[in-house]
Structures are given as C-alpha cells and as structure tokens.
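Both backbone and side-chain heavy atoms feed into the values below; hydrogens, waters and symmetry mates do not.
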Amino acid sequence: SATFCEAVGSNSAGNIGVALSWNGSAWTNQSLPSSVPALNGVSCVSATFCEAVGSNSSAGVALSWNGTAWSNQTLPSSVGQLNGVSCVSSTSCQAVGDSSNSVGGAALSFNGTTWSQETLPSGPSGTYDLYGVSCVSATFCEAVGSNYTSSGNFLGVALSWNGSTWTNQTLPSGVSELNGVSCVSATFCEAVGGYYDASTGARTGIALSWNGSTWTSQTLPSGVSDLNGVSCVSATFCQAVGDNSSSSGNSLGVALSWNGSTWTNQTLPSGVY
C-alpha cells in the first residue's frame, strides 16, 4: 500500500543484510537475525506477512515478517542462494535461486509452515540459475534466469508453474539472460534482461511479453544496455529499470514505462548509475 513497503539488500561491504520499512513518509531500519549477510528479494501480501530471501556464506536464507519482527526459516540443505520470492498469500509463496552444488537452479514453495524444494526441468543447454519469479495464484507463476552453455555463452530461461510442475518455455532468439519478471494474470507478464555479445562484449537490453501462450520480443528505446527489474499493475502500465550505455563509456541509470504498446524512456535525477 502507499503506507507499507519493505526493501532489502546488504551494506556496502556485502556482509550484513539490510531490511527497511516505509510508513508513507520515512524509511526505517529493521533488526535482522544474525548471520544474514545479503538479502536479494522480498514479497509482502500485507503489513503483517512478508518473505525475504538471500544467502549466507554457504546456503540460502529465508526470513518471515509478522508485523513486528523478522525470523529465520529452515530451508532444504541443497539450496545455495535465493534471488527472488513471490507470495500470493501467507500460505503460498515461491522462491527461486540456485542449488548449493552448482548443478542448476532451485525453486522452493512455502505452504505457511514449511519450505519444500521442487523439481526443475533441465535447461536448454547446461546448468542455469533463476533470478526472478512472479506469481498471480497458487497455480500460475513465471520464473526467469540464465542458462550457462558448454560453449561459454548464455541463454535466457523462462519457466512456468501450474501448481505442481515447472515447465520450460520457448524464448525468442537473442535472449542471453532474464533478470526480472512481473505478471498480472496468467495471460500477461513482462520479463526483462539483456543480450550479451561474447565476441564484442556489447550488451543490449531486452523486454518480452507473455500472452498466455508465447513470449514475444518488444522494441526498446535505443541505448538500453540491460534491464534488471520490472513491475506491472496492469497490461497497460509497467515500469522497468536498468542501465544505459553512454557515449563516454559510462553506464547511466535508465527507467522505462510501458503503456500497453510502447516502452518510453523517463527522465531520472542526475547521478543515477
């Protein structure tokens, strides 16, 4: 709501986790359990229920918020890092990341009391990590990430969840990685990421739309080198953020808006990289 938000991350050294709450006018630091060096994602369904995920030095981390305190939760031992989480209720969440033995991605479901690991399909080529997930119900979620191929290249990954099974989806060519996804229904999602040219090192931002059956590439304004996150409230309003390569070789922050047909650059304050 306009008077309750949660934000998570880490300190500048990357060894102490951070959680902040917004009350409509100010951000406030919250206390976290010890041994939480980094939090990568958070999802709230009310001011008294949130889930946050990340990792410590050797395993994934999940925390729950009950309106007054963050508490550690037990995860399966094979989870190495969790990058994203999406909850539709206090008894239905999905979290994604990678496994501790580096053999592939990881996906977990939360039923209100327990996190359970789910079986993932094989990647298009080689192992893959999952960076983002978005659920609209207990029977529809999208997860995105990147697949590391034996040739050293990258291929984007998108998976769909039907309540019991994760399934690989076909992506347009030229997608190296997908960093974020946002769904408003089973027939509309936006996913963002980039294409990486291994021969030149050049990066190009990518946005894809899901219509219930197919992922389709969308045209972006020129100069967008990568997109890291996206959030949609309807099929005609989304915001995406990332970076934009400048002529000087530096990267500048970028924000784009979606009106249902076109992505448009927005002006940001100076000093945003």
Which value, rounded to the nearest 0.5 Å, describes the distance between [X] atom [atom1] and [Y] atom [atom2]?
{"X": "C238", "Y": "W263", "atom1": "SG", "atom2": "CH2", "answer": "5.0 Å"}
{"X": "Y195", "Y": "E177", "atom1": "OH", "atom2": "CD", "answer": "12.5 Å"}
{"X": "Y131", "Y": "D98", "atom1": "OH", "atom2": "CG", "answer": "8.5 Å"}
{"X": "D129", "Y": "S99", "atom1": "CG", "atom2": "OG", "answer": "8.0 Å"}
{"X": "W210", "Y": "Q169", "atom1": "CH2", "atom2": "CD", "answer": "4.0 Å"}
{"X": "Q94", "Y": "W115", "atom1": "CD", "atom2": "CH2", "answer": "7.5 Å"}

Check: [Y] and [X] side chains under 4.5 Å, non-hydrogen atoms:
{"X": "Y128", "Y": "S146", "result": "no"}
{"X": "L256", "Y": "T264", "result": "no"}
{"X": "V88", "Y": "V136", "result": "no"}
{"X": "V61", "Y": "V53", "result": "no"}
{"X": "L171", "Y": "L208", "result": "yes"}
{"X": "V254", "Y": "N265", "result": "yes"}

Dump the intermediate steps for side-chain contact (heavy atoms from CB on, under 4.5 Å) on D226 and T204, then the final yes or no. CA-CA 6 Å; D226 205 6; T204 305; over 6 Å; no
Please step through side-chain contact (heavy atoms from CB on, under 4.5 Å) for the pair V192 and I206, ending with a clear verdict. CA-CA 6 Å; V192 297; I206 284 174; over 6 Å; no
When you compare the side chains of [X] and [Y], does any donor N or O come within less than 3.5 Å of an acceptor on the partner?
{"X": "N23", "Y": "S25", "answer": "yes"}
{"X": "S64", "Y": "N66", "answer": "no"}
{"X": "T236", "Y": "S234", "answer": "yes"}
{"X": "N211", "Y": "S213", "answer": "yes"}

Has [X] got a side-chain atom pairing as donor or acceptor with [Y]'s backbone, closer than 3.5 angstrom?
{"X": "W65", "Y": "A47", "value": "yes"}
{"X": "S134", "Y": "C183", "value": "yes"}
{"X": "N83", "Y": "G132", "value": "no"}
{"X": "S176", "Y": "Y196", "value": "yes"}
{"X": "S43", "Y": "C87", "value": "yes"}
{"X": "N40", "Y": "L82", "value": "yes"}

side-chain contact (heavy atoms from CB on, under 4.5 Å) between V18 and N29, intermediate numbers included: CA-CA 7 Å; V18 172; N29 266 311; 4.0 Å; yes
Which of these passes side-chain contact (heavy atoms from CB on, under 4.5 Å) with N179: N228, L227, V230? N228
Could you check whether the rings of F49 and F110 sit parallel, tilted or perpendicular, using 30° and 60° as the cut-offs? parallel
